[in-house]
Protein chains: 2
Amino acid sequence: MSVTINDIARLSGVSKRTVSRVINCSPAVGKATRERVLEIIKETGFSPDKQARGLASSRSYLLGLIYDNPDALYIDEVQRGALSVCAELGYELVVHPGSSKRDDFISDCLSFISRSKLDGVIILPPVSENKALAAALREINCPYVRLASVDLDDADNIVVSDERAAMRDMATHLVELGHTDIGFISGPQHYRSSIERLAGFLAELQVYNVKLPTDRIVEGKNNYDSGLACAEQLLNTLPRPTAIVANNDEMAAAVLRVANNLNIRVPDELSVAGFDDNILASRIIPSLTTIRRPVFNMACLAVQKLINKSRNNQEKLALQKTVTPNLVTRESTGRVNG
Amino acid sequence: MSVTINDIARLSGVSKRTVSRVINCSPAVGKATRERVLEIIKETGFSPDKQARGLASSRSYLLGLIYDNPDALYIDEVQRGALSVCAELGYELVVHPGSSKRDDFISDCLSFISRSKLDGVIILPPVSENKALAAALREINCPYVRLASVDLDDADNIVVSDERAAMRDMATHLVELGHTDIGFISGPQHYRSSIERLAGFLAELQVYNVKLPTDRIVEGKNNYDSGLACAEQLLNTLPRPTAIVANNDEMAAAVLRVANNLNIRVPDELSVAGFDDNILASRIIPSLTTIRRPVFNMACLAVQKLINKSRNNQEKLALQKTVTPNLVTRESTGRVNG
DNA sequence: TTGTAAGCGTTATCAT
DNA sequence: ATGATAACGCTTACAA
């Protein structure tokens, strides 16, 4: 059938053990030997069998992606980012959407990992905030990297997007446009990301001495329907806020919808902003001011960290821990009484 | 470490070969023996090692997903559908976005397949229309299933969504609303899906004796920017069409944008429709009349067909070949002069 | 620096 | 119906 390590050994006149050393970049191989073997490998187009390799070394060259996140665009970007690094290094990506609400979620993830002897997993928010999962992974010694909005793990195990800082920028943006009465639709307060975003926003408002009374803050569920409800609550009070910031684009889209129903012009009478820079954000009318995370890069970093761990023989390069999202201003925010 | 087939053999007092037979549902095992072995397996929580299994049987229990499609929502739905079946049957899903424009695309896919000894691949549109790829897969004897809009393969190898029929429904819908002057933004005419959709639409118009002159048909590239250009072309002629149908939601969103810029009210002065039922379609204002494919189910079917093939010993159940998309009517279409 | 031999956990062959 | 034994293609002791 296809060419094996034995063929290479025979053809290059060395033992298979030596071929194995060459494949695995062992330094303990004579230069001449190495070159001869590599030559034969190239000629024959040999590539080592992953399964055999895995069986012998208990590695799989498979990385897992664990998530419970309805945002398909976010996931797609993560996958493409991760794969861009995987491809170079001979790894594949196995996907595993789950539902973190089920009580067998953790054991399901562990089973996923052991089933395919994954070499490591990337965990996306909001699952990445799950302490029990991280603990379970450490327990079974499974390398993992979390993508998160808060610094809740060692640099080896996390890539953080500084969403607090990003929301400070958002606050600055609105204050500079003259807004002093602002509504905020937060995400579920059991998510760290929701807490971070709100905290960053409030902190920066304080700098400008802009107050945001508690009745201007309503808690949504990060989905469209809850966004509608929250928007109605905020827009049916008088005086109305002149701006509403939502914890994500999905809920910001809901604000636009409610404003439209109530004949409130955006941004003339109401500024609206979201978070994510979804496809929605650029397509909806008016297009949405929002915040964009460097998701692709975060995924690249995650894979690099993961592979760094597997190759503990090599010299490890320290990889960046934090990345910075940036504000994207579009049509939905404008001057007060603009 | 973890429990192996040897442990099961020892504990249940049979040979490992017999355990293997039980695992693989071989009929050649006595009932009593089978039950005893299964009992032990359950007690110990044993699950066979995929890599060892693969090495011995040259199977991997891995399915691949090949695509070159920017629609993250479509892909996400496919992944979830495929995994819902994979999970039951002990398979995993490995993702592989590629760029079909590159001339090494096919060899890249083949390498992807052989690298991980995939048991089969699902191919999404528009890559699924690639004849050369399908031929190459048959050549190397790799089971595949294509998701497509046209019946271009055996029932074993394809799941077809009848988009021609769906677009007939769309035509009917518009004619019933009184539209007789309709613009059409097609997709690239080298895609069968684009051809099908346009053909279905035109065929049904003919039934109602509604003409659609060639200058009412412009070819877009299925992306937002091309949609903007096409929409401008159609809307800057007088008299304007009273309805515009686009080959996908992305371009339909562009039509809404241009209409907005030109102060054309939708649907009062212009009806707009798309195809896909993207998240966009329900969020944009006005929400978009569009066509929804049963993508999740298509993916389920694809995986079932794929696994059917691997298990050629078992009795094969004939699986559905064609599925029917359905029209979703929303705010963007309305009566003429409504 | 290189080679020998023993696994890794399954399935496949061929007996019985 | 069941079992002994040899693959499968590679890595990892352990030698030399």
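In what follows, every chain begins at residue 1, and chains take the letters A, B, ... in the order their sequences are listed. Hydrogens, waters and symmetry mates play no part in the numbers below; they use all other heavy atoms, side chains included.
- For the atom pair OG of A:Ser116 and NZ of B:Lys50, the computed distance is 3.5 Å after rounding to the nearest 0.5 Å.
- Here A:Leu133 contributes atom CG and A:Ile106 contributes atom CD1; the two are 5.5 Å apart, rounded to the nearest 0.5 Å.
- A straight line from CG of A:Asp49 to C1' of C:dT10 spans 13 Å, rounded to a whole angstrom.
- Side-chain nitrogen and oxygen atoms of B:Thr33 include none within less than 4.0 Å of the OP1 or OP2 phosphate oxygen of D:dA1.
- For A:Ala56, taking side-chain heavy atoms from C-beta onward, the closest of the listed nucleotides D:dC10, C:dT10, C:dT11 is D:dC10.
- Side chain of B:Val29, nearest nucleotide from D:dC10, C:dT10, D:dT2: D:dT2.
- Here the CD1-CD1 distance, from A:Ile113 to A:Ile66, works out to 4.5 Å after rounding to the nearest 0.5 Å.
- Taking the screw axis at each terminus of the helix from C:dT1-D:dA16 to C:dT16-D:dA1 from five consecutive base pairs, the angle between the two is 30° to within rounding of 10 degrees.
- Heavy atoms of B:Lys16 sit under 4.0 angstrom from at least one base atom.
- In terms of phosphate contacts, B:Thr18 brings no side-chain nitrogen or oxygen within less than 4.0 Å of OP1 or OP2 of D:dT2.
- Residue A:Ser20 places no side-chain N or O under 4.0 Å from the OP1 or OP2 atom of D:dT12.
- Checking the phosphate oxygens (OP1, OP2) of C:dG9, no side-chain nitrogen or oxygen of B:Asn6 falls inside 4.0 Å.
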request  = Output, in order, the C-alpha distance, side-chain angles, deciding distance and verdict of salt bridge (Lys or Arg N to Asp or Glu O under 4.0 Å) for A:Lys309 and A:Asp119.
outcome  = CA-CA 9 Å; A:Lys309 290 184 201 179; A:Asp119 289 349; over 6 Å; no

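- Following rounding to the nearest Å, B:Ile5 (CD1) and C:dG9 (P) show an atom-to-atom distance of 11 Å.
- One interatomic measurement links the two molecules: CD of B:Gln51 to P of C:dG7, which rounds to 20 Å at whole-angstrom precision.
- Comparing atom distances between the A:Val14 side chain and each of D:dC10, C:dG3, C:dT11 picks out C:dG3 as nearest.
- Taking atom NZ of residue A:Lys117 and atom C1' of nucleotide C:dC8, one finds them 8 Å apart after rounding to whole Å.
- Neither OP1 nor OP2 of D:dC10 sits under 4.0 Å from any side-chain N or O of A:Ser57.
- For the pair B:Arg138 and B:Asp153, the salt-bridge criterion is met [side-chain N within less than 4.0 Å of a carboxylate O].
- Counting only heavy atoms from C-beta on, B:Arg17 has its side chain closest to C:dT13 among C:dT13, D:dA1, D:dT11.
- Residue A:Tyr61 contributes atom OH, which lies 19 Å from atom P of C:dC8 at whole-angstrom precision.
- Here OG of B:Ser60 is found 12.0 Å from CG of B:Leu55. Values are rounded to the nearest 0.5 Å.
- For the OP1/OP2 pair of D:dG3 and a distance below 4.0 Å, the side-chain nitrogens and oxygens of B:Ser15 include at least one atom meeting the criterion.
- With respect to B:Lys117 and A:Asp49, a salt bridge is recorded, a charged nitrogen being found less than 4.0 Å from a carboxylate O.
- The interatomic distance linking A:Arg59 (CZ) with D:dT11 (C1') rounds to 10 Å, in whole Å.
- Of the candidates C:dT1, C:dG9, C:dT13, the closest approach to any side-chain atom of A:Leu55 belongs to C:dG9.
- Atom-to-atom, NZ of A:Lys50 to P of D:dC10 comes out at 13 Å; the value is rounded to the nearest Å.
- No engagement by B:Ser58 is indicated, since no non-hydrogen atom pair under 4.0 Å with the nucleic acid exists.
- Residue B:Arg21 places a side-chain atom within donor-acceptor reach of the base of D:dT2, judged by atom type and a 3.5 Å distance cut-off alone.
- In this structure, CD of B:Glu35 is placed 17 Å from C1' of D:dT2, rounded to the nearest angstrom.
- Across all strands, A:Arg53 comes closer than 4.0 Å only to sugar-phosphate atoms, never to a base (heavy-atom distances).
- Note: A:Phe112 and A:His96 have parallel aromatic rings, judged against thresholds of 30 and 60 degrees for the angle between ring planes.
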